[in-house]
> 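First the structure, which I've put down as structure tokens, then a few questions once you've had a look.
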Amino acid sequence: GFHVHRALKSRNYILFANHQSYPDPLFVGSVSPRAMHFMARDNLFRPGFGPLISLFGAYPVTRGRRDEKAFGTTQALLTGGNSVVIFGEGTRSPDGEIQEIRGGIEIIARRSHSVILPMVVDGAYQMAPRNHSMQHLQAEAVVVVVGEPIPPEVYLAWPERSLPQRLRPVLQDLLVEARQRREGAST
């Protein structure tokens, strides 16, 4: 089964999520009544697949370096009233746990002054672990838990370069909640 806790209201956000598996954009996108946009690694934008994920709001980001074009696209989307999903770990988790948060969220948030909405997906890793084919999906309960919004007046008061370190425990706490809810959903 699939369960969402604390669905979104109609407004734009930086949806800041963990990344357990390929289907995560579908799960994260299900929590909002509005269309969302997603950063996706640039090598996914190959013939056939690239146009498909673009239809669902994906746009390319080059990982491993500061991608000013992707940051500009994100800024334009947010200032245009759109929501953007940022998978803060930068890649899928190797074990389903919250990994170190990359610095891109700091740049995007401080430039846009958008509300950050932390959220976690749990169960997607068990459904489709990293390094397993999408052809071998396992039936699994998936839970999405949405945290409390973090307005810009809060995070702009934090020291620069502290946002990744402050957001990781927020995601870790939400993951604990999601796992408790998932265990309750599967019994």
> For Val61 and Ala70, which heavy atoms make the closest approach, and how far apart are they?
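Looks like CG2-CB, 3.7 Å.
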
> Under the salt bridge (Lys or Arg N to Asp or Glu O under 4.0 Å) rule, what do Glu106 and Arg66 come out as? Steps first, then yes or no, please.
CA-CA 12 Å; Glu106 180 101 30; Arg66 189 174 172 139; over 6 Å; no

> What's the separation between atom CD1 in Ile150 and atom CD1 in Ile14, rounded to the nearest 0.5 Å?
10.0 Å

> When rounded to the nearest 0.5 angstrom, what is the spacing between CZ in Arg111 and CG in Leu78?
12.0 Å

> Given the rule that I, L, V, M, F, W and Y join up when any side-chain heavy atoms are under 4.5 Å apart, are Leu156 and Phe16 in one cluster?
yes

> If you define the side chain from C-beta out and look only at heavy atoms, does anything of Pro25 sit under 4.5 Å from Val85?
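A side-chain contact is absent here, since even the closest heavy-atom pair is not under 4.5 Å.
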
> Flag yes if more than 12 heavy atoms outside Glu68 fall under 6.0 Å of its CD atom; otherwise flag no.
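Check passes, neighbour count above 12.
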
> Verify side chain to side chain donor-acceptor pair (under 3.5 Å) between Gln20 and Asp122, making sure each step is shown before the conclusion.
CA-CA 7 Å; Gln20 288 191 341; Asp122 189 48; 3.0 Å; yes

> Main chain of Gly29, side chain of Ser32: is a donor-acceptor contact present, judged purely on distance under 3.5 Å?
no

> Would a 4.5 Å heavy-atom cut-off, applied to side chains only, mark Gln172 and Val176 as touching?
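Contact flag for Gln172/Val176 side chains = no.
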
> Looking at Arg65, I want to see if its CZ is surrounded by more than 12 non-hydrogen atoms of other residues, nucleotides or ligands under 6.0 Å.
yes

> On a heavy-atom basis, which atom in Thr91 and which in His19 lie closest, and how many Å separate them?
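Shortest heavy-atom separation between Thr91 and His19 comes out as O-CB, 3.7 Å.
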
> How long is the span from the CZ atom in Phe71 to the CE atom in Met39, to the nearest 0.5 Å?
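If I round to the nearest 0.5 Å, the distance is 6.0 Å.
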
> Can a cation-pi geometry be assigned to Arg92 and Tyr22, taking NZ or CZ under 6.0 Å from the six-membered ring centre and within 45° of the ring axis?
yes

> Determine whether Ser21 and Met127 make a side-chain contact, defined as any pair of heavy atoms from C-beta on separated by less than 4.5 Å.
no

> Please check if the number of heavy atoms outside Glu160 that lie under 6.0 Å from its CD is greater than 12.
no

> Check whether any side-chain N or O of Arg182 sits under 3.5 Å from a backbone N or O of Val142 as a donor-acceptor pair, and report yes or no.
no

> What distance separates Ile98 CD1 from Asp173 CG, expressed to the nearest 0.5 Å?
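The CG atom of Asp173 is 10.0 Å from CD1 of Ile98, to the nearest 0.5 Å.
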
> Taking all non-hydrogen atoms of both residues, which atom of Pro164 and which atom of Ile105 are closest, and how far apart?
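Taking every non-hydrogen atom into account, CG-CG2, 4.3 Å.
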
> Shared ILVMFWY cluster between Ile107 and Val154, side chains joined below 4.5 angstrom?
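Yes, Ile107 and Val154 fall within the same hydrophobic cluster.
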
> Kindly give the heavy-atom pair with the smallest separation between Leu117 and Glu148, and that separation in Å.
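Distance-wise, the nearest heavy atoms are CD1-C, 4.1 Å.
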
> Using the six-membered ring wherever Trp is involved, compare the ring planes of Phe38 and Phe87 and label them parallel, tilted or perpendicular (cut-offs 30° and 60°).
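If you compare the ring of Phe38 with that of Phe87, the planes turn out parallel.
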
> Would you say Val121 and Ile53 are hydrophobically clustered, going by side-chain heavy atoms of ILVMFWY under 4.5 Å?
no

> Say you draw a straight line from OH of Tyr13 to CZ of Arg34; how long is it, rounded to the nearest 0.5 Å?
9.5 Å

> Got Pro149 and Ile116 here, is their nearest side-chain heavy-atom distance under 4.5 Å?
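A side-chain contact is absent here, since even the closest heavy-atom pair is not under 4.5 Å.
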
> I'd like to check Gln75 versus Ser114 (side-chain heavy atoms, cut-off strictly below 4.5 Å). Are they in contact?
no

> Same cluster or not: Leu15 versus Phe56, using hydrophobic residues (I, L, V, M, F, W, Y) connected whenever any side-chain heavy atoms lie under 4.5 Å apart?
no

> For Pro60, is there any backbone N or O sitting under 3.5 Å from a side-chain donor or acceptor partner on Asp42?
no

> Kindly indicate whether the side chain of Met36, heavy atoms from C-beta on, has any atom under 4.5 Å from the side chain of Val31.
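Heavy-atom side-chain distance check passes, below 4.5 Å.
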
> Taking the side chain from Arg41 and the backbone from Arg63, do they hold a donor-acceptor pair closer than 3.5 Å?
no

> Has Arg102 got more than 12 heavy atoms of other residues, nucleotides or ligands less than 6.0 Å from its CZ?
no

> Closest approach of Gly96 and Leu175, non-hydrogen atoms and distance?
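Closest approach of Gly96 to Leu175, heavy atoms only: O-CD2, 3.9 Å.
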
> Could you tell me whether the side chain of Tyr125 reaches within less than 4.5 Å of the side chain of Asn18, counting heavy atoms only?
no

> Using the side chain to side chain contact (heavy atoms under 4.5 Å, CB included) rule, pick out the option among Leu171, Val170, Leu163, Ile86 that qualifies with Ile101.
Leu171

> Return the minimal non-hydrogen interatomic distance between Pro51 and Pro47, and the atom names on each side.
CD-C, 4.5 Å

> Any link between Leu55 and Phe45 through a network of hydrophobic side chains (Ile, Leu, Val, Met, Phe, Trp, Tyr) touching at under 4.5 Å?
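Yes: a chain of side-chain contacts under 4.5 Å links Leu55 to Phe45.
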
